[in-house]
Amino acid sequence: MISLAVAMSVVLLVVTSFIIGYHLRLTALLPTIGNAKAPTDAASGSAYASIIKGTPLIMLTFLIFSSLLLYWHLGRYSDWNRAIPQVRVDYLLQAAINQSRLSAEQHPLDPQAQLRLVEDYAAGGKYAEAVDVLDALLAQSGTSPDLLGLKAKYLYYRDGRQLTPEVNSLIRSALERDDTEFTARELLASHAYRQGQYDLAIEHWQRLLQGDVGLAQRRAIGNALTRAQAKILTGQP
């Protein structure tokens, strides 16, 4: 980006200097041109002089127009460098959602197909749609702790990270069936951490470590515990 700007600046400076120099030389030659003209040719000589005077302005206008056209065609580097990947990501997410929706429609009794659609909706920030699919899945498969935890999580995000009464009710139902249900208890831990309730967050994370969690999850929880404990020790908000 910097090299492109420097190159364009140098080119503009050189061309502008050329135009100014050209204009100054023509201006200096105008008296000579006027004296060389015969009196009967005064009108044509005056017109010729006017054209000469106007030439630098025409060239400068053309230069500015060309620069603007080039800028419009290329766009600002910082904009397209950010925008193109984002558009590409949105396209891929929508394609994944469409594919998962088609698969869910073709296999309405397959819980895994429905869960893939839920995950893709959530990845695209479509939490309301994810909750709708979970409602249908809960009606079909029953109130399992993991489904209750997922619904609580996506309701939480749909409502702007609020522990609404409905979210609290779902979390309570999930944990009554499985005290170490990961999604529900991790949601409580993360919410407590964001609210500055580090002791409560640590309590939930430690409870999760007592359950059956994978290596990657244990490592993530360990990092979260370290951050929360550091906040308590340093008194940071």
Side-chain angles (χ1 to χ4, degrees), residues 78 81-83 85-86 88-90 92-94 96-97 100 111-112 114-139 141-237:
S78 60
N81 189 44
R82 290 193 302 266
Q86 184 61 41
R88 182 63 176 171
V89 169
D90 290 345
L92 291 175
L93 281 174
Q94 189 58 53
I97 289 171
S100 295
Q112 295 305 315
Q114 307 301 318
L115 283 174
R116 280 193 298 271
L117 180 56
V118 169
E119 293 170 357
D120 287 337
Y121 271 142
K126 299 178 180 292
Y127 300 115
E129 289 85 346
V131 170
D132 289 341
V133 177
L134 281 168
D135 281 335
L137 194 53
L138 282 164
S141 304
T143 53
S144 64
D146 55 336
L147 292 180
L148 291 170
L150 280 177
K151 183 179 178 181
K153 175 181 177 180
Y154 295 137
L155 276 177
Y156 174 82
Y157 284 112
R158 186 200 68 180
D159 296 337
R161 294 183 176 182
Q162 297 294 321
L163 283 179
T164 63
E166 185 178 7
V167 172
N168 278 321
S169 176
L170 288 165
I171 291 174
R172 185 167 54 253
S173 296
L175 295 180
E176 285 174 354
R177 290 167 171 80
D178 181 359
D179 190 53
T180 58
E181 200 288 310
F182 185 87
T183 304
R185 193 165 291 282
E186 201 282 329
L187 177 59
L188 289 175
S190 297
H191 181 78
Y193 182 88
R194 279 192 286 268
Q195 299 300 312
Q197 300 172 327
Y198 304 120
D199 288 328
L200 181 59
I202 289 172
E203 179 183 336
H204 286 304
W205 279 320
Q206 288 177 337
R207 185 69 188 89
L208 278 176
L209 290 176
Q210 298 173 11
D212 184 16
V213 294
L215 181 61
Q217 291 173 325
R218 285 186 176 277
R219 186 179 297 114
I221 292 172
N223 292 335
L225 283 170
T226 300
R227 289 195 301 271
Q229 290 163 351
K231 292 277 190 180
I232 294 174
L233 289 174
T234 58
Q236 296 180 4

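From a predicted model like this one, the values you see are computed outputs, not experimental measurements. The first residue in the sequence is number 1, and the count goes up from there.
Looking only at side-chain heavy atoms (C-beta outward), V118 and Q114 stay at 4.5 Å or farther from each other. The shortest side-chain heavy-atom distance between I221 and F182 falls under the 4.5 Å cut-off. Using a 4.5 Å heavy-atom cutoff, the side chains of D120 and K126 are not in contact. Contact annotation: the side chain of R227 approaches that of N223 to within less than 4.5 Å [non-hydrogen atoms, C-beta and beyond]. Contact annotation: the side chain of T180 never approaches that of R185 to less than 4.5 Å [non-hydrogen atoms, C-beta and beyond]. Between E166 and K151, the closest side-chain pair of non-hydrogen atoms falls below 4.5 Å. L155 places none of its side-chain heavy atoms less than 4.5 Å from the side chain of Y127. The shortest side-chain heavy-atom distance between Q162 and Y156 does not fall under the 4.5 Å cut-off.
Remark: T234 OG1 to K231 NZ distance equals 7.0 Å, nearest 0.5 Å. Atom CG of L163 is separated from atom CG of N168 by 5.0 Å, given to the nearest 0.5 angstrom. A distance of 10.5 Å separates CG in L170 from CG in L187, rounded to the nearest 0.5 Å. Separating the OH atom in Y193 from the NE2 atom in H204 is a distance of 15.5 Å, to the nearest 0.5 Å. Taking CG of D212 as the start and CD of Q217 as the end, the distance is 9.0 Å to the nearest 0.5 Å. Once rounded to the nearest 0.5 Å, the distance linking OG1 of T183 with CG of L188 reads 11.0 Å.
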#### Entry: Stepwise side chain to side chain contact (heavy atoms under 4.5 Å, CB included) test for Y154 and Y121
CA-CA 10 Å; Y154 295 137; Y121 271 142; over 6 Å; no
### Chi angles and distances behind the side chain to side chain contact (heavy atoms under 4.5 Å, CB included) call for Q94, D90
CA-CA 6 Å; Q94 189 58 53; D90 290 345; over 6 Å; no
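Of the possible donor and acceptor atoms, none in the side chain of E181 sits under 3.5 Å from a partner among the backbone N and O of D178. A donor-acceptor pair under 3.5 Å is formed between the side chain of S190 and the backbone N or O of E186.
Across every non-hydrogen atom of G124 and L93, the tightest pair is CA-CD1, 4.2 Å. For the pair T143 and R177, the tightest heavy-atom approach, listed with the atom from each and the gap, is O-NE, 3.2 Å. Counting all heavy atoms, side chain and backbone alike, I97 lies closest to L117 at O-CD1, 3.9 Å. For the residue pair A174 and G149, the shortest heavy atom distance occurs at CB-N, 4.0 Å. The two residues L147 and G142 make their nearest non-hydrogen contact at CD1-O, 3.9 Å. Looking at every heavy atom in both residues, L137 comes nearest to P111 through CD1-CA, 4.0 Å.
For E203, the side-chain contact (heavy atoms from CB on, under 4.5 Å) partners are L200, not counting sequence neighbours.
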